[in-house]
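This report concerns only the one structure given below.
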Amino acid sequence: MSNQSRIRLEHVTKRWDAATAVDDISFDVAPGQFVILLGPSGCGKSTTLRMIAGLEEASSGRIHIGERDVTRLPPGDRGLSMVFQSYALFPHLSVADNIVFGLRSRKVPKAEQRERLTKVAELVDLTDYLDRKPAKLSGGQRQRVALARSIISEHPICLMDEPLSNLDARLRSDMRREIKALQSRLNMTVIYVTHDQVEAMSMGDRVILMQHGRIVQDGSPDELYNRPASTFAASFIGSPAMNLLPLVAGETGAVIEGEPTAPVAPFEAVGGQLGIRPEDIELRSASAPGVPARVLSEEYLGADTIAYVAVGSHSLRVRLSGKQTLSGQSCSLTWAAENTHLFDIDGLRRDDMPPGVIASAYRSVPRPPAVGSFQH
Ligand code: ADP
Ligand code: MG
């Protein structure tokens, strides 16, 4: 594919007076990639996107689109389109006029406008609504108008800033798939801003996670889920969030605070934190080997149950399938070595020790009966 839609940021920073909204960010987006800028509110996602679009000027650093340095170019010369959360539709114009608005101001011939409109309206399923005013449309249809307006421009790059956050959950999930399908069909390069980790995980080829104006992690959804770079990344991706437990010194290794009998990591991990995802924990009968625990309460979610379990002086979440009622019962927790995450005292991932050495010891014993048919 042509390099025309490659986007490259080099040490880009944005300061507003004393405050630094975006702090020395670099990344390189390949043509046709679907990249997510993910992070909590205020972390600098929109500012980053707006600098790429040319709606804000970078305080320092360079932005390249294709072979061109666009750092000081006005938005109209950057060859991209943008979709906002607010949709920014003109209320007094019909759907058709809203969609072709950009073409009209670029003086594209009438016949060509009509031809492109027909094609795009079909693509986003708006053919029967072209004469309506935005007020007479549902949220999802308005979102499609905004998308159509961006697609009809035929720019190979589309920047989207939380385009689905005004929609209800059901519609959001439909639109996620539609946008993803459109992007791959039209081979667009997309940078998509969201604070929603589900959107990030389900749509992105690549997720750039931000915190306080900086990039915390840049990788595939799989990498962010399986190898979070920090406790922040670990708790931002996944629902319910990863359990994070402070590690103290026990007799034969690092233990969870308040539970001195069960080593869960090597001594070198003391002072840091142990991370385990709720879906990676197995709950067994109290007599089975593992970390002694007690079920405090549970939350039934339909397909699964989240059990809140006390271990030492901490409580953690365990995801169990189906409906489970275990409150008040003693149990034993285990997890596979490869699902153990260790973080240092600064919250950064540690890959320098084999966390499995101790945790995997639990694995070598025969599996007791599964939870649900608890034996006492
Ligand atoms: P996000 O999109 O991740 O929620 P933003 O990029 O909108 O975050 O904002 C990042 C930071 O920059 C925030 O602290 C915000 O208050 C600040 N900011 C954004 N726009 C402006 C502006 N025009 N003037 C001053 N500060 C701003
Ligand atoms: Mg924003």
Side-chain angles (χ1 to χ4, degrees), residues 7-27 29 34-63 65 70-75 78 80-89 139 142-143 146-147 149-150 157-169 172 175-176 179 183 189-204 206-219 221 224 228-239 241:
I7 304 165
R8 203 150 43 92
L9 274 69
E10 285 172 356
H11 303 291
V12 171
T13 292
K14 178 69 185 179
R15 281 180 222 96
W16 314 96
D17 302 322
T20 305
V22 173
D23 192 1
D24 192 21
I25 274 190
S26 302
F27 58 79
V29 175
F34 197 120
V35 175
I36 309 278
L37 290 185
L38 176 69
S41 175
C43 73
K45 307 179 295 295
S46 294
T47 305
T48 303
L49 204 70
R50 292 170 62 80
M51 287 192 286
I52 299 170
L55 300 170
E56 303 289 356
E57 201 179 321
S59 309
S60 61
R62 316 294 321 167
I63 300 172
I65 295 177
V70 301
T71 314
R72 305 279 170 248
L73 284 188
R78 296 193 182 199
L80 47 78
S81 62
M82 192 155 170
V83 181
F84 299 93
Q85 174 180 357
S86 61
Y87 315 151
L89 302 183
R142 274 179 230 171
Q143 181 53 48
L147 261 166
R149 194 171 44 186
S150 160
I157 297 172
C158 184
L159 308 179
M160 304 193 187
D161 194 349
E162 313 236 12
L164 305 184
S165 34
N166 289 338
L167 305 180
D168 62 52
R172 266 213 306 272
M175 290 300 297
R176 279 206 299 267
I179 290 176
Q183 178 265 341
T189 305
V190 172
I191 302 184
Y192 185 106
V193 161
T194 182
H195 64 272
D196 179 349
Q197 54 109 9
V198 176
E199 275 183 22
M201 296 297 281
S202 61
M203 297 175 87
R206 171 177 169 196
V207 178
I208 298 178
L209 178 63
M210 294 178 65
Q211 182 189 25
H212 306 316
R214 289 168 177 259
I215 294 176
V216 175
Q217 192 165 3
D218 179 349
L224 267 86
S230 66
T231 48
F232 171 77
S235 51
F236 204 82
I237 307 276
S239 174

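Order of listing sets the numbers, starting from 1, for every ligand and every atom in it.
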Residue, atom and distance of the protein heavy atom nearest atom 7 (O) of ligand 1 read Ser46 CB, 3.8 Å

Is there at least one protein heavy-atom neighbour under 4.0 Å from atom 25 (C) of ligand 1?
yes

Please determine if Thr48 has a nitrogen or oxygen closer than 3.5 Å to a nitrogen or oxygen of ligand 1.
no

Number of protein N/O/S atoms less than 2.8 Å from the Mg ion (ligand 2)?
1

Does ligand 1 have an atom under 4.0 Å from some heavy atom of Gly39?
no

Thr47 side, atom OG1; Ile25 side, atom CD1 - distance, nearest 0.5 Å
9.5 Å

Is the closest basic N to carboxylate O distance between Asp218 and Arg206 below 4.0 Å?
yes

Is there a donor-acceptor contact under 3.5 Å from the side chain of Lys45 to the main chain of Leu209?
no

Minimum distance, heavy atoms only, to atom 3 (O) of ligand 1: which one of Lys45, Met51, His195, Glu56 is it?
Lys45

Mark the output for Ser41 as yes if a heavy-atom distance to ligand 1 is under 4.0 Å, and as no if none is.
yes

For Arg62 and Arg8: C-alpha separation, side-chain torsions, deciding distance, then whether side-chain contact (heavy atoms from CB on, under 4.5 Å) applies.
CA-CA 8 Å; Arg62 316 294 321 167; Arg8 203 150 43 92; over 6 Å; no

Looking only at protein heavy atoms, what sits closest to atom 27 (C) of ligand 1 is Trp16 NE1, 3.2 Å

Do Glu57 and Arg72 meet the salt-bridge criterion of a basic N to acidic O distance under 4.0 Å?
yes

Donor on one side chain, acceptor on other, Arg15 and Ser59, under 3.5 Å:
no

Is Gly42 close to ligand 1, meaning an N/O of one under 3.5 Å from an N/O of the other?
yes

So how far is it from His11 NE2 to Ser26 OG, rounded to the nearest 0.5 Å?
4.5 Å

Starting from atom 5 (P) of ligand 1, what is the nearest protein heavy atom, named by residue and atom, and what distance separates them?
Thr47 OG1, 3.5 Å

Separation of Leu37 CG from Leu49 CG (nearest 0.5 Å)
6.5 Å

If you count heavy atoms of other groups shown closer than 6.0 angstrom to CZ of Arg176, is the number above 12?
yes

Between Tyr192 and Gln183, is any side-chain donor less than 3.5 angstrom from a side-chain acceptor?
no

Enumerated ligand 1 atoms positioned under 4.0 Å from heavy atoms of Ala21:
10 (C), 11 (C), 12 (O)

Could you measure the distance from the OG1 atom of Thr48 to the CZ atom of Phe27? Nearest 0.5 Å is fine.
6.5 Å

